[in-house]
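When reading the values below, keep in mind they use all heavy atoms of this one structure, side chains included, and skip hydrogens, waters and symmetry mates. Throughout, a chain's letter reflects where its sequence line sits, starting with A, and its residues are numbered from 1.
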Amino acid sequence: MMAAQAAPAARPILEVAGISLAFGGVRALTDVSFQVPEGSITAVIGPNGAGKTSLFNTISGFYRPQAGQISFAGESLAGVRAPERAARGLARTFQNIALFRGMTVLDNIKLGRHAHLRTGVLDALFYWGRAQKEELALRAEIEERIIDFLEIQHIRNASVATLSYGLQKRVELARALAMRPRILMLDEPVAGMNREETEDMARFILDVKEEWGVTILMVEHDMGMVMDISDHVVVLNFGQVIASGTPREVQGNEAVIAAYLGSGDVGELSRRIKAEAV
Amino acid sequence: IHAGIQDYLKILNDGGGIKGRKIKYVAEDTAYKVDASVAAFNKITSQEKVSLYYGDSTGFSKTINPELERRGTMIMAGASFATELNDPKKYPLQFMAGPDYTEMFGILLRYIAKEKPGARVAFVYSDTEFGRDPIVPGEAVAKELKLTVVEKIVTPPGSVDVSTEVLKLRRANPDFTIFHGYVLAPIPEFVTQAKQMGMKSQFMGTFWTMDNSTVQRMGDAADGFMGVMPYRYYYDKDGTSPMLEKIRQMRTEYQSTGYLQGFVTAMLMAEAVKRTLDAGKELTGANLKAGLNSIKDFDTGGLFGVPISIPGNSVPVGRIYRFDSKAKQMLPASDWIKL
Amino acid sequence: MRIGTLKTSYAADEALFDSSVQRTLLVLLALAAVAFPFVASPYWLFLACLCAINVASATGLNLLTGYTGLVSLGQAAFMSVGAYTVAVLEIRLGTPFLLNLLIGAGLAAMIGILVGIPSLKVKGLYLAIATIAASVILHFLFSHWSLTGEARGLSMPPARLFGISLDQPFSLYWLIMPVTCLMVLGAANLLRTRIGRAFIAIRDRDISAEVLGIPLLRYKLTSFAISSFYAGLAGGLWAYFFRVVTPESFPLVNSIFYLAAIIVGGMGTILGGILGAVFMTLVPELLKFVANWATPIYPDALAALAPVRTIVFGGLIVGFLIFEPRGLAEIWRRARRFFHLWPFRT
Amino acid sequence: MAGTAVLDVNNVEVVYNRTVQVLRGLSLRVPQGEIVALLGSNGAGKSTLLKAVSNLLALEDGAVTGGAIHFQGDDIASLAPHGLVRRGLFHVMEGRRIFEDLTVEENLTAATFALTGRQLPAADFDLVYSYFPRLHERRKGLAGYLSGGEQQMLAIGRALIARPSLILLDEPSLGLAPKLVEEIFTIIARINAEQGVSMLLVEQNAAVAFAVASYGYILEMGKVVIDGPVDKLVRDQDVREFYLGLGGAGGERSYRDIKHYKRRKRWLS
Amino acid sequence: MDTLFLFEVTLAGLGAGALYSLTGVAFVLIYKATRVVNLAIGEILMLGGYAFLGFAAGFGLSPWLALPLAIAAGGVLGWLVERIMIRPMLGESPISVFMVTIGLGSILAGVVQLVWGADPLRLPEFMPSTPVFIGEAYLAPKVAIGFVAAAVVIGLFLALFRFSRGGVALKATAADQGAAYSVGIDVPRVFSVAWILACATAAGAGVLVGAIGGISPTMGVFGLSVLVVVIIGGLDSIAGALVGGLLIGLVEALAGAFLGGEFKLVVTFALLLVLLMVRPYGLFGTHEIERL
Ligand SMILES: Nc1ncnc2c1ncn2[C@@H]1O[C@H](COP(=O)(O)OP(=O)(O)OP(=O)(O)O)[C@@H](O)[C@H]1O
Ligand SMILES: Nc1ncnc2c1ncn2[C@@H]1O[C@H](COP(=O)(O)OP(=O)(O)OP(=O)(O)O)[C@@H](O)[C@H]1O
Ligand SMILES: [Mg+2]
Ligand SMILES: [Mg+2]
């Protein structure tokens, strides 16, 4: 297993090369390069404000980088706008849940498929032929594949505004899955979840990768989960890549420990606090 | 207006009506909105058999005209003195109880031409249909009378600050300035500022500005303000006017010119009905209008200062009044002018 | 939710009217609409047509404001585009009325797109003000252009169909009512497809919608286009209905009226747009009725009517927003639930 | 539990929108000068409880329908939210809730309103900056552009300005990098030790919460299901499994292995 | 055209603009604290004018007593409106609150018409009427007084926000009511104070505007121009209201003088459109922070 990862056999589905992004004076990303092998789980970690979300936003086309290239499935994304990128299979979830609060769970998920549907205004006004056929097919697929898979049948007609945090995150995942992703970008999928819920989410992520064959790129601060399930880790600090490799390699990297991981030992923290208190 | 119509009909009906027929009066409020007026029209005409209709705005008069012609059962008058309506071909079943706006300008300009031949005149009007109505024909009349129109100033509807317009007016330095398309604001401020600048122009207005209470509200600016008015004022004592006496008995306090308009309109309509019935004809719109047009040198009980005729859709008569700030009244400044 | 309606297919679950009771009611309603002109007085027919025109326009605005979240105070101005176009075509060319209506609506849609262009950068109430700007400019254009009759506007001949001229509420009813029904149905259809979902997504969170595959500008403009298409069509009907179009026919207050109608009815529901427009059209009539009735007791009632109407108009907006922010549609839903569960109250 | 309680929550019930009941008879106490941890899964009602305590429920259409809450012996029901703050109860809300279009310094200035009407020396910005030097660097910058961790620091910094006797902390570690979590919790412990401020701490990361707290409550479906001193809680089988992720042998379970296996919690069945 | 005319027009424009600025400030105050776009500002201004008339002519008080009373009446109105209409709307969408103010405007216009009638009225003269000449150039005295009054009031507000915590409280409340509460800000009071100050200011402006142009139930359209002013300046910037007001006053005056009165409104609105395309948040408005 170590050998396979040392020389990634799978071709990269996503290649980020020399990306730089600045907001006025703030340099969010500086010359960031890395690759995401097809079929892998790749994690991006790094301190708060390191630029992880900005990186995601750049990849999905929300920000335009000042320099650098991103290519997806062998094609450059230069000049491709966000909606078109989504249509090509770049799906994502958001750090601060971005569900559409005026819609039901079902409609939120259906919305994910938007770019793959063809209904035009006229079709829609009369709800003839294509519009109707498309809607029904979509409904069936979502019910049978996504809702079933994520175990959210019971809330499909609920309005998302009333759901608990954990369920909202699950609906976000469902919506991203409805986008027919080739790569799924998850921004802090388990933030704010307790151990048990984190385990559920980890299970879904692994299943998506294995059963659906979708490549995963995720940002996460929960080191327990990141180190356990990812194949490949990229570490950002102040907008720069300071390390990358297998979880084990990264965990041992001095720079990463200093900038991000800290002692990583709760027992030590607790001892130190007790000692200080005395 | 409402009160004026009501009062005349009361006098009429108390006096036994027209040939024993009483006139029933149904009123609806419309807020000067065309669709509300049309709704009211439909409502009233679907509930009553109507021969005489009084509508409000110019817009309504135009809107309802085809319908009026189609029904052909009634004649209509309105609060509007729009020039466009004074066209018996286009609006065969309508009329107005006074001069149209262009005729008002004509009366004013004639007065000016007599007082000061070749005078410099300025028009100040609001940017509305009402305001624009007489401007172009008014200019033509001025030319005929050998007056020069030195400036035409448009003010946006509802504007309050007219400083720049006054500056423009001062540059033009007219002998006479005619306001049209307003009720009150911004005339007072216009006049005040102009006087402060030392302008000597004579300021004049048209029907809707000319009510006594309106002019009084102009404050200092009212002094010497002139304008055209087809009817006698409530308090007008010169000449004899039995009808005005009657009104003064019925209502002891001052009645507005709008009241008089309503009153006169009702009177003319009743006269048309009477003449139609006299001729033994049916009360159709065309017959009523013919009756109306047959009015020649008709005495309105002194409400109009002179006997009137209705050749077309209007009564092209009026007189110039001037505000006297001591008497707090509009006093006649000219003879009755018939166009 | 209705109890005891089991859906056996997704198609049934996606249908607009999902129960047999609803469908029966609908058929009854349609029959009533057909029978109405034969029993009603011209006054009631007149009101019915006016309501229908307002429903059409309000439904359009609802798509834009209620569903896409773009506040517009230009609906009346878009209507005026449709109305003027119809009038000019009818007077100058005398083309068939359906064609005129469509051209008018199309032109309105085009203007709508133009007005919508700032919506990518300009948000929320800044956008609302931009739409006021557009209305002011249109008003200026219409009142100074000789083609549109300047300040005095245009009077036009009636619509004709097979040689019959549609100049009576009775005949106009057959033009206006079906068109409105089609428009409302179209809006309802639109909303159950990807386009409707995209609108709602833009309303709820426009920036994330883009990353989910919805081209913002295109959909915002689509929404503007459809909404002003509706307005243009409604304006065209209005023109045929009143047969005179002046710059004062479509003042800013009318735009506010439509906004108020969808608020009172319930934003973001088709039913709300309908109920609100009908309600707001009828309230002034009701007030008139009250005033006439009160005149014997209180002789000045008629004179007080105008201000009272203004107050009631404002009061309705404020009252609904404070006490029933989801509008008449919500009241209707509650009533329905009550009768369903009756006698078992929830 | 020893000591006088700064906060005493007694049998509280909370309902949202007059329909959804979220808290069903919940009781807990925070003794003077101690940190109490409150754990529980998503939607259990932790944030709701904190909002009930700080009287902010009304803003979200929620209402306390039963029970009582006492802060320093006084019933809070009659106090306005800002009144409570001015008495020394400070709520650091979930999701940081800093004022994005104010600068860092203005955010701290805003917190000085908590001192209004109290006999206290002027606000001490330097104290905040000494705990969080990063904030000092960015004090003129707009808070909206701070990173997540910095925003959390600012939120806690605002609490310090207010000189409270009790801080309600809602998920301070949410979205923070591991190192920052350590730092923040170290500072939380320091503030508690140095300033003697009591705290009620809501956390998902049970391990760090237990590192600073002396007593813990676990909430499910709006009710306390277990509570006890922290050293007792960490020995509980279910707490170990569901909150700390420790396998039977004591080592941490790997996320790769859990897969489809799921065991139900004892306290729910 | 001659330069004197241009100069006079400019003066008149700035004078009118000052009143726009003053009303604009009233508008901004409310927006700053509550994120409410108060479309009723024109009607509140109108009510100020009528209240003045009521006190001065109705009760026969001296204008110098009626003026503060009218301003106070504006304040009371603001307090009432905030209590009755705005506070229940806490947490609702901005569109809803915006519509509430439209409703409010309609109610106020109706009430004024019911009480005072639909006809335009004039306020009693109370300002000195000696014309002001700057060099050769004429300036209407009322306009000059309006300018000075507006300048003083705006200066006061600017100083208030510069040198006190008030500005922070206002902004914090506007941004997040819950969070503002949680740091000890008395949110309801901030709301009340903002509405009271704003409506009092608007009422004062109403007396000035009414003194110049008379009062009528349709005077509320003044609010429409003010809306343009604050949008151009930026909804939440007092300095923006100042600059925007003067700018619009000037543009209207120039358009009126050189193009004709009918162009005033259309020119300002066209300017507004152009400006919004370049600066979507006005000249001085703060950008909303938008992050995913
Ligand atoms: N729209 C923006 N304008 C200005 N600065 C921004 C913007 N978006 C992000 N930044 C800045 O860029 C930097 C990186 O932010 P980013 O959100 O990418 O961090 P992150 O790594 O996702 O942090 P966290 O783990 O806290 O989510 C931060 O300093 C942030 O303030
Ligand atoms: N404003 C509200 N209206 C209606 N229901 C609400 C509201 N706020 C919260 N709820 C519901 O109350 C329950 C408890 O919510 P709360 O935010 O207190 O949970 P929590 O324990 O803090 O969860 P988390 O760990 O996700 O923060 C949830 O089921 C939620 O859906
Ligand atoms: Mg991030
Ligand atoms: Mg919570």
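Few gaps surround CZ on C:R333; more than 12 heavy atoms of other groups in view lie less than 6.0 Å from it.
Listed options A:R175, A:H116, A:Q132 were ranked by heavy-atom pairs under 4.5 angstrom with chain C; first place goes to A:R175. When the candidates A:E143, A:E84, A:R85 are compared by the number of heavy-atom contacts under 4.5 Å with chain C, A:E143 comes out ahead. Annotation: maximal heavy-atom pairing with chain A below 4.5 Å, among C:L191, C:T222, C:I195, C:L182, occurs at C:I195. In terms of non-hydrogen atom pairs under 4.5 Å with chain C, the most contact-rich of A:A115, A:G120, A:G112, A:G102 is A:G102. Listed options A:M179, A:K110, A:R101 were ranked by heavy-atom pairs under 4.5 angstrom with chain C; first place goes to A:K110.
Closest non-hydrogen pair, C:A201 versus A:M103, comes out as N-CE, 3.6 Å. Nearest heavy-atom pair, A:H114 versus C:A198, reported as atom, atom and distance to 0.1 Å: CE1-CB, 3.6 Å. Contact between A:A82 and C:E210 at its shortest, heavy atoms only, is CB-CG, 3.7 Å.
Neither the backbone nor the side chain of A:R113 comes within contact range of chain C; no heavy atoms are under 4.5 Å apart. When heavy atoms are compared at a cutoff of 4.5 Å, A:L99 approaches chain C solely by way of its backbone atoms N, CA, C and O. Looking at C:I226, the atoms closer than 4.5 Å to chain A (heavy atoms on both sides) all sit in the side chain, from C-beta outward. For C:A209, the parts lying near chain A are the backbone and the side chain together; criterion is any non-hydrogen pair under 4.5 Å. A:A140 touches chain C through backbone and side chain together, each having a heavy atom under 4.5 Å away.
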Check the pair C:S208 / A:F62 against side-chain contact (heavy atoms from CB on, under 4.5 Å), numbers first and verdict last.
-> CA-CA 9 Å; C:S208 43; A:F62 184 66; over 6 Å; no
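Taking 4.5 Å as the limit, some side-chain heavy atom of C:L212 sits within range of a side-chain heavy atom of A:L111.
Applying the side-chain hydrogen bond (donor to acceptor under 3.5 Å, both in side chains) definition to pairs two or more places apart or across chains, those involving residues 182-200 of chain C are A:E135-C:R197, C:N189-C:R192.
Heavy-atom proximity under 4.5 angstrom to chain A picks out C:G213, C:I214, C:P215, C:Y219 from residues 213-221 of chain C.
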